[in-house]
Amino acid sequence: MGKTITEKVLSRVTGSDVSAGDIIYPEPELLTVHDWYVVNFDKALQELGVDRLYDPDKLVISTDHEPVAVSPQAAERQKQVREIVKKYGIKNFYDTGRGGHGHVFPIEMGYVKPGMFVEAYDVHVTNFGAVGALAIPMLIEITEVLACGSAWLRTPDTVRVNLTGALSPGTGIRDVAQKLICDLGAARVDYAVVEYGGPALASIDIAGRHTLCNTPIDVGAKSALVEPDQSTLDYLADRVEGPLELIASDADANFREVVDYDLDVLEPQIAVPPTPDCVVGVSEVAGRAVHHAFIGSCAAANLSDLRAAADILRGHKIHPDVRFLITPGTQEIMSAAESEGLLQLFAEAGAMITQPGCGPCAGGRIGGMANGETSINTGTRNDYGRLGAPDSEIYLGSAATVAASAVTGKITDPRDFLN
Amino acid sequence: MEWVYKGKCWKFGDNLGIDGDVMPLRFALERELDPEVLRPFLMAGVDPDFPNKVSPGDIIVAGKRFGQGNPHIQGFLGILGHGLGLVAESIPRGSFRNAINAGLPFLTGCDGVTGDVETGDDLEVNFQTGEFKNLTRDIMRDFQPLDPQLQAIIEAGGWSANLEKRLAKLRSGESAMT
């Protein structure tokens, strides 16, 4: 019996023959924790009497959930994080204004390689699968990994998704990623790694692969990754030091399921409240008034998302009843957007551009919503209260759909702007 | 620790929610982790008198998706507080991890077990080997026991006790692997 990418990665890091279902203690080669959890893990370690990390050099800390301190408490927390970083000798600390979104900049900066094993506090670290790494969220058990180097893991099954066909005009990978988790459903991907491959994968850039790897965790997958290919190597060539190796599942690997999925989802897709897998075609909800619009989050933080928005916004103004926030994922993306003139275009249209990071998606601390309001945005989740007020409605869509809706003041099919 | 439980069966159906059915949600919100505080509220949502009826060594036999919902550990700590064992047809993954981390002896994946028992039956369950006996009805089943590495965590007393054990090994220069 052959092995899946997941089984191969975990066999390599444990030095043993690992199959789905096995209980293992794999040591991650990279760990990430974000600004909001640093104080918590420090407190937990102190209670355990731990005064040093198992391997501080493997840890990357990002400042993305609240990069701009907007309260005395937030400023205090940032100060504590800086002190904790010094205490444990953590070198890879990205303070506010450095790096950006912790699920995005480590890929840009070459921390993540195909076939690497990563663990993190936060769930959307699965983005690292965009370059073929296996990244598993541990939530509070990351404390055990920080102290002891590992924690127990049940080796997940793999659901293989072979992408076929081509995008229909006016739709993007976000539309596919949303529709895919709706079509697959929670039961089929429960505790599985969603592994993407197939003939259409070559047509999807690294940014699109971020989005594909971002959404499955929200219906209960364990992780998601892309079978790395030549475009992975091309993207990483100038970013990663040392040799890179491709990794693929064996043809006779024991997949839970193999699914063919066509990129042609016919029309832009919208996730309606209250969960990201309640997905309908835009025509079903078009016309609904919106007050709040946002482009950003780890699901749509890349330059291509900003370009898609700019293509819609060029020559238009944001609707007077709408406030529109744009959060570039990283410092690098923000800088590139500036070079291309996108930031000027956004500013002139009436959008706000925020510090790179999670933007409003991190619980609505930045640019949140009031009760009775409706938002359309590219965030990861649409639970009630995700952006602050519990009595507010959140619709999720592509950057193009969000930009078109921000201009008209109602949920709008972006193809209306492109024809 | 004692892996063989001998006691009465308490049978429940499918889809018991960890919040509400097994334990009031407020204890999760308060992050209460003391089994002694939690035990008077075990099964409050389905049988408020349950804590007064059970004895240590009794065994909860539940249907599919026991402990479904947001994975909060408090319900499992309540079971532990009474010294009960748990045999379920299935347990969703977040609750599975919590049951291990609580240090609770349990079996899961026990297809059809609710058809083999009624409340009040005398049971004998070996949580180490998976051997399940209904002494009242003379039924014997061999279920899949937990992986030995997970049994080791339960034996240590759950997540924090096991973590302290691993840390002690690290401090003495040993490998912390399990």
Side-chain angles (χ1 to χ4, degrees), chain A residues 13-16 18-28 40-41 43-55 123 136-157 186-187 189-193 217 219-223 274-275 381 383, chain B residues 14-15 28-29 31 33 64-65 67-74 90-103 106-109 128 144-178:
Chain A
V13 295
T14 56
S16 59
V18 172
S19 300
D22 290 351
I23 304 290
I24 52 172
Y25 277 80
E27 283 196 20
N40 304 57
F41 86 62
K43 185 163 171 274
L45 291 177
Q46 283 186 47
E47 284 168 4
L48 291 161
V50 175
D51 55 10
R52 63 192 178 89
L53 303 185
Y54 184 82
D55 190 349
V123 293
I136 305 258
M138 300 300 286
L139 302 175
I140 62 170
E141 287 177 55
I142 199 71
T143 303
E144 182 171 0
V145 184
L146 290 166
C148 300
S150 61
W152 71 268
L153 178 74
R154 180 158 57 92
T155 308
D157 288 346
V189 300
D190 181 50
Y191 206 84
V193 172
I217 192 94
V219 285
K222 187 69 170 172
S223 191
T275 55
R381 295 201 57 92
D383 320 65
Chain B
D14 294 341
N15 291 313
L29 302 178
R31 303 192 179 182
L33 297 174
K64 295 185 176 60
R65 295 184 55 76
Q68 51 90 15
N70 268 351
H72 293 134
I73 199 169
Q74 283 73 17
S90 71
I91 299 176
R93 57 192 251 212
S95 275
F96 177 87
R97 196 150 190 125
N98 279 334
I100 300 285
N101 288 347
F106 69 99
L107 298 175
T108 184
Q128 200 165 29
Q144 179 79 33
L146 291 170
D147 184 280
Q149 295 185 87
L150 300 181
Q151 290 188 17
I153 298 173
I154 293 166
E155 179 118 40
W159 183 71
S160 50
N162 187 61
L163 177 47
E164 299 215 11
K165 202 172 131 193
R166 294 185 77 196
L167 286 167
K169 278 190 184 174
L170 272 179
R171 287 187 187 113
S172 65
E174 290 174 53
S175 162
M177 288 303 137
T178 63

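Any value given below was found using the heavy atoms of this structure, including those in side chains, with hydrogens, waters and symmetry copies removed. The chains referred to below are lettered A, B, ... by the order of the sequence lines, with proteins before strands, and numbering in each begins at 1.
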Steps toward side-chain contact (heavy atoms from CB on, under 4.5 Å) verdict (Arg154(A), Asp147(B)):
CA-CA 10 Å; Arg154(A) 180 158 57 92; Asp147(B) 184 280; over 6 Å; no
Asp157(A): partners by salt bridge (Lys or Arg N to Asp or Glu O under 4.0 Å), with sequence neighbours left out
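With neighbours one apart ignored, the set is Arg256(A).
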Taking Arg166(B) for the side chain and Ser150(A) for the main chain, is one N or O donor matched with an acceptor at less than 3.5 Å?
yes
Neighbour count above 12 (heavy atom, 6.0 Å) for Gln46(A) CD:
yes
Heavy-atom count around Leu29(B) CG within 6.0 Å, excluding the residue itself: above 12?
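Yes, enclosed.
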Distance-minimising heavy-atom pair for [X] and [Y]:
{"X": "Arg93(B)", "Y": "Ala221(A)", "answer": "NH2-O, 3.8 Å"}
{"X": "Asn101(B)", "Y": "Glu141(A)", "answer": "ND2-OE2, 3.0 Å"}
{"X": "Cys148(A)", "Y": "Leu163(B)", "answer": "SG-CD1, 3.4 Å"}

Select one option (side chain, backbone, both, neither) describing which atoms of Arg171(B) are under 4.5 Å from chain A's heavy atoms.
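Contact with chain A is through the side chain of Arg171(B) alone.
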Give, for atom CG of Leu153(A) and atom CD of Gln149(B), the distance between the pair rounded to the nearest 0.5 Å.
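So the gap between those two atoms works out to 11.0 Å.
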Heavy atoms, side chains only, cut-off 4.5 Å: are Asn162(B) and Trp152(A) in contact?
no
